[in-house]
Structure formats: C-alpha cells, structure tokens
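Here is the structure we will look at.
A quick note: this is a predicted structure, and the numbers were derived from the prediction, not measured. Chain identifiers are assigned alphabetically (A, B, ...) following the order of the sequence lines, protein sequences preceding nucleic acid strands; residue numbering begins at 1 within each chain.
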Amino acid sequence: MKRPVLLLTVSFCCGIILVAHLKAEWSLIYVFAVLFWIGAAFFLKNPVGFAVSIISLAFLLGALFLTSKRILPARHIARLIPYRTSEAYLIKGIVVRQPQPRGRGTAFVLRVEEVQGKSLNRSSSGKIMVYSADRIALHYGERVIIRGRLYRPWGRGGAGQYRSYLYSNGIRYIMSLKSGYDISRLGSDSGFCYRCFTVGLKDRLEGLIFKYLDGIPAGILDAVILGQRHKVAGFANSLMRRSGTVHILVVSGFHVGLVVFIIAVFLKLLRVPRYWRFVISLPLIITYCLLTGASNPVVRSTVMAVIFITAYLLKRDPDICNSICLAALFILVLNPEQLFDVGFQLSFASVSSIVFLYPRLKRFLCPQPIKAKPLVFMIDSCLVSVSAWLGTCGLIAYHFRIFSTVAVLANFLVVPLAALITLAGFSFLAAALLFPPVAPLFARANEVLIWTMVSLNALLMRIPGACLRLPF
Amino acid sequence: MFNLTQQERRVILFLTALVLIGSGANFIIKMNSKARTIPALSFDIARLNLNNADKDALMRVPGIGEKLAQRILDYRFREGGFGDIEELKGIKGISGYRYERLKDYVTVK
C-alpha cells in the first residue's frame, strides 16, 4: 500500500468520533489496545495480520487519547470549584496565550497554578479564560495573581459553539475582572523562551503595520500577514465571510507557501546553494508558524512544508496525501478535540478536495493540453477555487448557515490579489525594518491593493442572491 | 497491505509500546494527583495607594467616577493624606456599601 498513513489517520479519527458519541471506560479501551498490540507483535512476520492489528490499534489509540484528554485530574480547577458559585477567588497562574483586545477590555488565557477562596487554598491545574474590563498591557509568559468571580461558559446556539470551542481547548471556566486593579503582576520569567521571542517579534511587526498604514487597511494586513483577525473592521470581515473569501484573513497554507517562496527567492539572491536554502527555510517557517499563533491551518501547512522539505533533503519522493494525513495526525495526537473544530475541518476539507478534485476536474474539462500560459493560469486558478468550494460548501452551510453563490468568482478575482497583498505586505515589513524612509511608499501601495480587494468584495455582494441565508 | 520490512514493523511496535506505556503512566498520574494546601496568596501589589494616586488612576477603580475621584483628591489635599482606608467613609458619596466595594481595590501606604 502506497499510503499507509491515510488508513491509520482515518482509523484514528474513527476512534475519536466513536468515543465522542459513546461513553467508554478508559481502562476497557486500554486493555483492548494492549491486546491488539500483542496481536501485532504475534503477527510480526505476517504482513496482513500485522496491518489489521496496527489499524485496529490506531482506532483504539484515537479513542484512548480522547478519553484521556477528557479525564480531569483531581487538582484541576473544574474539579476543585463547584459549578454554581458566586464567591470571589484569587488565582495565581501564567499567561499562556498572548492577551488580545476585546471590546474596551482585554482577554487572555491563564494556566492555573494556585487557587484561593474562602474555604479553599490549594495548588491547582487547568486553564481559564480571563476577561478584563480594562485594557492591560500583559505579555505571554507573565506570572500573575487575578481576583474575580468564576463562571462556566454556557448557552445555546452561538454561545453553545463558543463553549464547545473553549472546552476543546481545555478551558472550563471564565473569570471576569472588573478592572486592571484585579491583576497583580509577579514577573515575566515564565513561558517557552522561543515563543516569547516570536511574541515579541509579532508585537514589533504589528506596531510597524499600525504605524504606517491607516486603521482599516492596517487591520486587514495584520490579519493577512500575522493572523490577528480581531483588528479587522467589522464590515470588511462580514463582506469577506459572505463572499466566501474570508480564508484570506486567516493565515493558512497559502501564506506558508508564499513565505517559503519568499525565503527561497531571498536566499537565491544571496547565492545560497539549493540544499542550504531548504535547510535554512525549515526553522524560519516554524518561527512563522509560532509568530502567527499556531492555528490549525498554519500548523497543517507547516507540517506539510516540513515533510516536503525533509523529503527533498533525504532525497525521498514526498506524497501529498501522506503528508496531509501526517499533519492531521500530528494535530490530533496533541489535541484529539480539534477534530470537531471548524477551522480544522475547513482547512483539511479544502486542501484534500484541491488534491483530490483539481486533477480530475482538469482532466475532465481540459483533456487536451493548452499552450497559452495566461489561459492555463486562469483555468488552473478557477479550478482550484471550484475544488476548494466544492470541498467546503457543505461544512460552511452546516456551521455558518450561509451559502455563497459568488464564492468561486470571488476567489478567482480575490486570491491573486491576496497573493499580491501578502508579497507587498512582507516587502513593506522588510522595508520598515531595514530602510524606514521607503516604508511609507510601500505602505501606500499596500493600502491601494487592500482597498481594491475590499471594493471587489463589496461589488460582488451587490449581485442579487450573492449570499443566501439558509433557513435550517 | 503495508509494504513494510520486518525491521520497520519492529520500530512501529516499539513506538506504539512507548505510546501505550506513556498513556498508562499519564492516566495513573492524573488519577492520583492531589491538590496540596498552599500558603495564602498576597494581593497588595495591585491595590491603588490613595496617597499618591492621580485622578485618572482613581477613576479606573470600579465605583469611582470623576466627581468622587475629585472629592478623594480634595480630601487628601485638605487632610495632608490618608492615615487609614476607613477615612474614605468620611467623604461625601461613599456609603457603607460603597466602602465595602472599594476597600479591596485601595490601600494606604
């Protein structure tokens, strides 16, 4: 079999889905997993028996990982503090996600170390989401003590989805702080130092974007280059969501590919040999992944890029299907709950449908090779958009209750423009860092491109029936 | 089915054995983890010192608006500073209820 990872990943996912819908005892799954491991050892010399045992073991490992993830230790904050409580608590912990502005306040994730209430004074674990009514200049890795009331995320519809999102990220409680005086800062000596470096770099680059560009284009460029979507103007976000081009605002494989391309071109200009160009680009794309917050699409494309580059360095033939599956397995082993995350599903559905549908659609629609290069480019762009749209339209309709009829046309027009914006954005940042006097010129060029993209989306949305709201 | 050599199969078996042992150990650690009692957390650092806070800083405390902040500053100027937090009760607009809400946010040094 040419693609063994495909079968193992599918089996692993089936195990996760089964346990998500059926209650199963951890110990029972573990016993079966050990039995199948013994079976695999027994069938070591029998290829078929070994394959069947390993696929079954992958299924059980999927189930085991999810069950294990959902078991909370006795010292977990969700087990220490009762569901209904109006008591104020003091919590000591470390900021594990870079604080983001939220309305007039700040939101951040805290990894809990100690909890103190009226009748409670214990060491603890787990993560909580913290909302402060004030803007607080906190940083990743800072150790703080916060004071406030805890509540569990609850609600139906949108709020229910948000609760699922928090639970899948291991967050069981939310704490609201009335003001910045509810935070006591103890120092910033904690946190992964490489991550601290990337967070610092991201803050510096973000500062440059907002220094040279106007508010709305700056927010969009910040999202396109650094993945910070919370600063995108509401109307631009809504336009792009309805036209089916919102993926431009999320750092994805498309951006990682461009980053690899930019690094390769830059190193080529410096006459660096091909082999060393790939070696140098490996740590740089991992840095970019951390810089943009390591969301699912970025992790997927970074893992795929690492596999492709490693295959080149080892002189092996990379298989795109195996690399997609390996990327999915990498994310799911770290957190099996991500299988139910919308971003994960859309990212893998779009890339899988491009890999699977695009060559078939091309063979079906253009059986004869076309020589005119501009025409080939146009047909290829259109077919990639159609493939991605076919792969994701069902999921988008299910999760967001909308169906965009202009998505293919919008992507056909906007994706090349987005590629230009990304390239122009990186050029602007390089100019702002290395030669600031030319940065305003690059910034103006970026603004023109971004306003063109927004105007194109607005124009498409004026077409009657461009975006249909689904009744169910 | 999988075109694997016997050596590759042994490697897979070894890695899956590690995963199984690790999962088992992780489960045992989770089930036996205990929350130990800790010394009380001190929260004085974040409290606002009434003797050197400016108007903006006072207005960021929940329950203190522009007028009340000005009255606190006037009181401090008039009396030469606060000797105790309870002196807040002597300021017009700070009732017993409001004092109970404010006392956790301020300190006197």
Side-chain angles (χ1 to χ4, degrees), chain A residues 1-2 4 7-8 26-27 30 33-34 36-37 40-41 43-45 47-52 54-55 57-58 61 64-65 67-68 71-76 79-80 88 90-92 113-116 120-125 133-134 144-147 178-186 333, chain B residues 1-50 53 56-65 69 100-107:
Chain A
M1 189 174 180
K2 203 183 163 190
L7 215 54
L8 291 176
W26 184 92
S27 45
Y30 191 77
V34 171
F36 275 98
W37 186 88
F43 288 117
L44 193 65
K45 288 177 183 172
V48 178
F50 181 80
V52 171
I54 285 295
I55 290 165
L57 186 59
L61 283 178
L64 196 70
F65 276 42
T67 318
S68 186
I71 295 171
L72 301 177
R75 65 200 288 265
H76 195 279
R79 290 186 64 178
L80 285 180
L90 282 179
I91 293 182
K92 183 179 170 188
E113 289 180 329
E114 292 171 10
V115 184
Q116 186 183 308
L120 182 79
N121 208 12
R122 297 280 168 84
S123 64
S124 183
S125 65
D134 280 351
V144 292
I145 299 176
I146 55 172
R147 171 180 52 196
K178 286 179 184 169
S179 76
Y181 292 108
D182 284 326
I183 293 189
S184 167
R185 300 165 80 156
L186 302 178
V333 163
Chain B
M1 227 165 157
F2 296 165
N3 296 327
L4 301 171
T5 62
Q6 203 161 329
Q7 196 179 16
E8 286 168 337
R9 279 183 224 147
R10 281 204 181 104
V11 170
I12 290 172
L13 271 183
F14 174 71
L15 293 176
T16 46
L18 286 184
V19 170
L20 283 173
I21 293 167
S23 300
N26 192 29
F27 178 74
I28 292 166
I29 290 168
K30 264 189 180 179
M31 296 312 281
N32 292 308
S33 76
K34 279 177 189 160
R36 60 187 167 78
T37 307
I38 49 153
L41 294 170
S42 159
F43 200 77
D44 281 340
I45 311 154
R47 290 188 181 190
L48 184 70
N49 186 0
L50 287 173
D56 285 342
L58 284 167
M59 282 166 63
R60 284 171 60 203
V61 176
I64 299 183
E100 284 301 315
R101 282 187 65 195
L102 288 179
K103 72 176 187 348
D104 289 341
Y105 294 97
V106 292
T107 185

Within residues 6-40 of chain B or reaching into it, pairs that qualify as ring-ring contact (aromatic ring centres under 6.0 Å, His included) - sequence neighbours excluded: A/Trp26-B/Phe27

Return the set of residues passing side chain to side chain contact (heavy atoms under 4.5 Å, CB included) with A/Ala40 (not counting sequence neighbours), or none when no residue passes. A/Phe50, A/Ser53, A/Ile54, B/Leu13

Is chain B contacted by the side chain of A/Ser124, its backbone, both, or neither, given a heavy-atom distance below 4.5 Å? neither

What I'd like to find out is whether the side chain of B/Val19 reaches to under 4.5 Å of the side chain of A/Phe65, using heavy atoms alone. yes

Below 4.5 Å from any heavy atom of chain B, which atoms of A/Leu57 appear? Answer side chain, backbone, both or neither. side chain

Counting neighbours of CD on B/Gln6 that are heavy atoms of other residues, nucleotides or ligands and sit closer than 6.0 Å, is the number greater than 12? yes

Nearest non-hydrogen partners of A/Leu44 and B/Arg10, listed with the distance: CD2-NE, 3.8 Å

With a 4.5 angstrom heavy-atom cut-off, could you sort out which part of B/Asn26 is near chain A: side chain, backbone, both or neither? side chain

Report, as yes or no, whether the 6.0 Å neighbourhood of atom OH on A/Tyr30 holds more than 12 heavy atoms from other residues, nucleotides or ligands. yes

Under 4.5 Å from any heavy atom of chain B - which part of A/Ile71: both

